[in-house]
Amino acid sequence: MIWDWQYAFEILPRLLKVAHVTITATLGAFVVAMILGLVLAFARRSTNRLLSGVTYFVVEFIRSTPPFVQLFFLFFVMPQFGITMGALMTGILGLGIHYSTFLSEVYRAGIDSVDKGQWEAATALNFTSRQKWVHIILPQAIRPIIPVMGNYLITLFKETPMLLGITVVEMLSQAQIIGSQSFRYTEPITMVGIFFLILSYGASLLVKRIELRMDINRR
Amino acid sequence: MSNIQSTERPHTEAPIEGKDPIVRFKNISKSFGDLQVLNGVDFDLYPGERVAIIGPSGSGKTTMARLLMTLEEPTDGFIEVDGRQLWHKEVNGNFKKADEKHLHEVRGDIGMVFQHFHLFPHMTVLKNLMEAPIKVKGMSKAKAREEALAMLEKVGMAGFADQYPARLSGGQQQRVAIARALVMHPKVMLFDEPTSALDPETVGEVLEVIKEIAKDREMAMLLITHEMSFARDIADRIAFFDEGKIQEEGPPSQLLNEPKTERLGEFLHRFGIDGKGHNV
Amino acid sequence: MILIEVHLEILKNLLPGAVPTIQLTILGAMLAFVLSFMGGLGRLSRFAVVRGLAGFIVEFFRGTSLLVQLFWLFYVLPFMGIRLESGMVGLLALGLNYGAYGSEVVRSAVLSVPKGQHEAGIALNMTAFQRMRYIIIPQAFRTMIPSFGNLLIELLKGTALVSLVTIPEMTFEALVMRTSDAAHTLEIFTWLLLIYFAIAYPLTMLMRWVERRYSLGRL
Ligand SMILES: Nc1ncnc2c1ncn2[C@@H]1O[C@H](COP(=O)(O)OP(=O)(O)OP(=O)(O)O)[C@@H](O)[C@H]1O
Ligand SMILES: [Mg+2]
């Protein structure tokens with residue numbers, strides 16, 4: 001028999017027990033990415049040519065090399081420099097750094113999407129630089145990027161299984177462990193797939209709705 | 001369907017006498033959801049005839065042309081093209097909804113020039129004209145090229161054969177679009193406000209081209225336009241469209257000088273025509 | 001002197017692994033490209049059955065995470081009596097996953113072509129196929145190129161994951177090397193990242209060049 005329901009129900013609790021690892025990794029990495037992405041976006045916009053140039057290169061480099069390898073890099077190399085942290089923390093940091101390069105581009109696009117006239121109007125009204133950002137530019141820049149960020153959150157979620165490479169026991173890793181113990185891989189791996197499908201598809205529908213809402217409100 | 005030949009709508013003599021209409025609208029209605037746009041249109045167009053359609057914005061003129069071009073499906077009624085049903089297929093005396101194959105057959109008689117040209121931006125001007133004859137009519141490349149160049153000559157665009165549309169002015173693009181429709185040699189050509197998307201200074205060149213091709217009466221022309229003096233110059237007959245219907249039609253002199261309905265009088269007045277055919 | 005030898009030794013071990021990495025990238029991209037059009041056009045089909053089926057398949061492969069799919073093909077398929085070579089497993093997973101993402105690229109690019117272009121095609125009595133083939137797709141293709149370029153880099157990054165199913169590509173080689181030479185972990189993974197970048201960067205440049213080529217003719 002290809003699919004054994006009883007076995008599936010038996011192992012479900014064991015799989016769900018580590019669901020929080022997957023979720024923690026996703027949300028943790030996203031927070032890191034949001035904060036670091038902001039730093040990168042501003043560094044890239046800096047009038048200091050050196051800072052902006054170096055940032056450009058770093059962003060290009062990180063985003064065009066595999067996050068999987070970056071994870072190994074952090075996991076194996078950091079301890080050599082006396083930095084020790086758990087595998088999950090390393091994973092959160094690694095994925096967070098990788099995705100910060102994408103979010104920095106998203107922020108930049110958001111800021112650039114604000115009409116130049118808005119800056120000029122704010123200047124004409126004699127706002128301070130800080131006031132311009134806080135009251136005029138950011139409120140307009142954030143709106144269009146929220147759905148885009150939502151999509152990156154979903155993408156990031158689907159990347160978390162790779163953390164098993166650095167010994168994090170998340171859901172896919174747990175499925176692999178269960179499978180190797182009972183030598184039945186079909187149920188655990190399929191169930192993990194369905195878990196990812198339900199959450200990411202559900203979230204993508206939500207993002208689409210948000211996107212629509214954001215659009216209408218703009219008019 | 002009973003009032004098709006109603007006496008209210010006299011037809012001009014010359015090109016029509018003794019001929020069957022090339023296009024016939026019978027009691028055509030069209031709704032978009034709750035919005036009834038066409039409300040029982042009866043209309044005949046004869047081979048070689050030139051009819052201008054005028055009327056207020058939103059009255060359904062474009063919709064009428066789009067039904068004939070098969071870009072929109074009528075809610076009710078029949079359209080005949082050269083004696084054949086357009087939107088229906090006759091099977092043992094019953095009318096069935098036409099399939100794509102049937103539409104493809106009948107549609108070949110009709111051509112259209114759009115308000116916004118819709119040239120293919122990824123093709124040169126020449127390629128724009130050659131694509132359909134080759135692909136749709138199976139014409140040889142050499143023949144298609146020859147015809148295309150001749151047609152470009154006719155609309156005064158021969159010098160632009162190798163340009164891409166984006167480089168051309170609106171008026172030039174529209175002239176190419178006219179040539180593109182002409183190389184298919186339709187029996188009926190629809191013009192949907194061909195100059196209303198143009199800069200004022202290029203309107204003239206396009207109207208000239210249309211007048212030029214109107215000279216040989218091989219093709220019937222249906223012109224939706226807001227250019228009253230152009231309509232008067234070129235049309236054998238003008239039809240006034242309002243509230244989803246043709247309210248009044250007749251030769252330009254009659255329709256523009258002695259409007260029968262109050263609505264037409266008002267409409268003309270807004271165009272600075274005083275009801276006696278004179279500009280005020 | 002010793003230093004240089006270490007680096008040469010690392011490169012000697014890593015570079016042969018770059019060959020399968022590049023092969024997987026190219027073949028995976030070709031498979032994904034074909035599937036993108038099948039999926040994207042399938043979702044726009046006139047026939048509800050085709051639309052529904054294509055939609056389901058695309059959402060399925062988008063939603064279930066690349067690594068889960070890879071594991072499923074690797075661990076579960078043999079239980080169903082289908083035994084694929086591990087290289088084929090990697091290729092299939094990459095092709096299906098990025099093909100699903102590519103389907104969305106194709107679909108939205110086709111939808112972005114103005115309605116008037118369809119109508120002009122109808123007015124010239126072109127068939128639905130002719131309109132798609134000669135009018136819509138050539139225009140949509142320009143819109144697709146930048147997104148396909150991004151997906152190509154994502155696919156390259158994704159090839160690192162297939163090391164987990166014992167395909168001896170570059171990351172696999174690096175991990176093997178590290179187990180016997182842990183002292184040079186930093187050097188090994190730095191080189192690994194640099195080689196990935198050396199593959200990605202020309203690919204990015206190539207895609208930009210293609211993009212420029214295809215935008216000729218338009219203003
Ligand atoms: N696809 C559609 N869906 C819904 N409503 C439509 C659609 N096409 C046209 N309409 C509506 O039908 C009415 C008639 O439109 P149509 O374009 O035929 O008018 P028109 O006489 O050509 O006007 P104009 O002179 O402005 O071009 C309008 O109210 C328009 O909003
Ligand atoms: Mg109109």
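None of the values given here were measured: they were computed from a predicted structure. Quick note on labels: first sequence line is chain A, next is B, and so on, each numbered from 1.
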Do you know which of [options] has the most heavy-atom pairs with chain A at a distance under 4.5 angstrom?
| options | result |
| --- | --- |
| C/L66, C/L175, C/T204 | C/L175 |
| C/Y196, C/F79, C/Y75 | C/Y75 |
| C/E154, C/M170, C/R178 | C/R178 |
| C/I153, C/L194, C/L186 | C/L186 |

Inset, instruction - Look at the rings of C/H7 and C/W191 and say which category their plane angle falls in: under 30° parallel, 30 to 60° tilted, over 60° perpendicular. - result: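 Because their plane-to-plane angle is over 60°, the rings of C/H7 and C/W191 count as perpendicular.
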Inset, instruction - Classify the ring geometry between A/F102 and A/Y152 as parallel (under 30°), tilted (30 to 60°) or perpendicular (over 60°). - result: tilted
Inset, instruction - Using a strict 4.0 Å threshold on nitrogen-to-oxygen distance, state whether C/E211 and C/R208 make a salt bridge. - result: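 A salt bridge is absent here (no side-chain N lies under 4.0 Å from a carboxylate O).
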Legend entry - Ionic contact status for C/E59 with C/R62, cut-off 4.0 Å: yes
Legend entry - A/T190 and C/W72: side chain donor to acceptor below 3.5 Å: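 Yes, C/W72 and A/T190 have a side-chain donor paired with an acceptor closer than 3.5 Å.
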Indicate the atoms forming the closest heavy-atom contact of [X] with [Y], along with that distance.
| X | Y | value |
| --- | --- | --- |
| C/R46 | C/R51 | O-NH1, 3.4 Å |
| C/N97 | C/S65 | ND2-C, 4.3 Å |
| A/I92 | A/G28 | CG2-C, 3.5 Å |
| A/T167 | A/A87 | OG1-CB, 3.6 Å |
| A/T160 | A/A25 | CG2-CB, 4.0 Å |
| A/L163 | A/L95 | CD2-CD1, 4.0 Å |

Tell me, side chain or backbone of [X] under 4.5 Å from chain A's heavy atoms, or both, or neither?
| X | answer |
| --- | --- |
| C/L161 | both |
| C/A183 | backbone |
| C/A174 | neither |
| C/I199 | neither |
| C/T190 | both |
| C/Q69 | neither |
| C/F71 | both |
| C/T171 | side chain |
| C/F60 | both |
| C/Y101 | side chain |
| C/L193 | both |

Could you have a look at [options] and say which one has the most heavy-atom pairs with chain C under 4.5 angstrom?
| options | answer |
| --- | --- |
| A/F196, A/Y201, A/F61 | A/F61 |
| A/V192, A/T155, A/T65 | A/T65 |
| A/P67, A/P161, A/S200 | A/P161 |

Please flag which part of [X] lies under 4.5 Å from any non-hydrogen atom of chain C: side chain, backbone, both or neither.
| X | value |
| --- | --- |
| A/F68 | side chain |
| A/F157 | neither |
| A/L199 | neither |

Inset, instruction - Step through it carefully: locate the ring centre of A/F57, locate the ring centre of C/F197, and say whether they are under 6.0 Å apart. - result: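 Yes.
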Inset, instruction - For C/E169 and C/F172, indicate whether the former's side chain and the latter's backbone hold a donor-acceptor pair under 3.5 Å. - result: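 Confirmed, C/E169 side chain pairs with C/F172 backbone.
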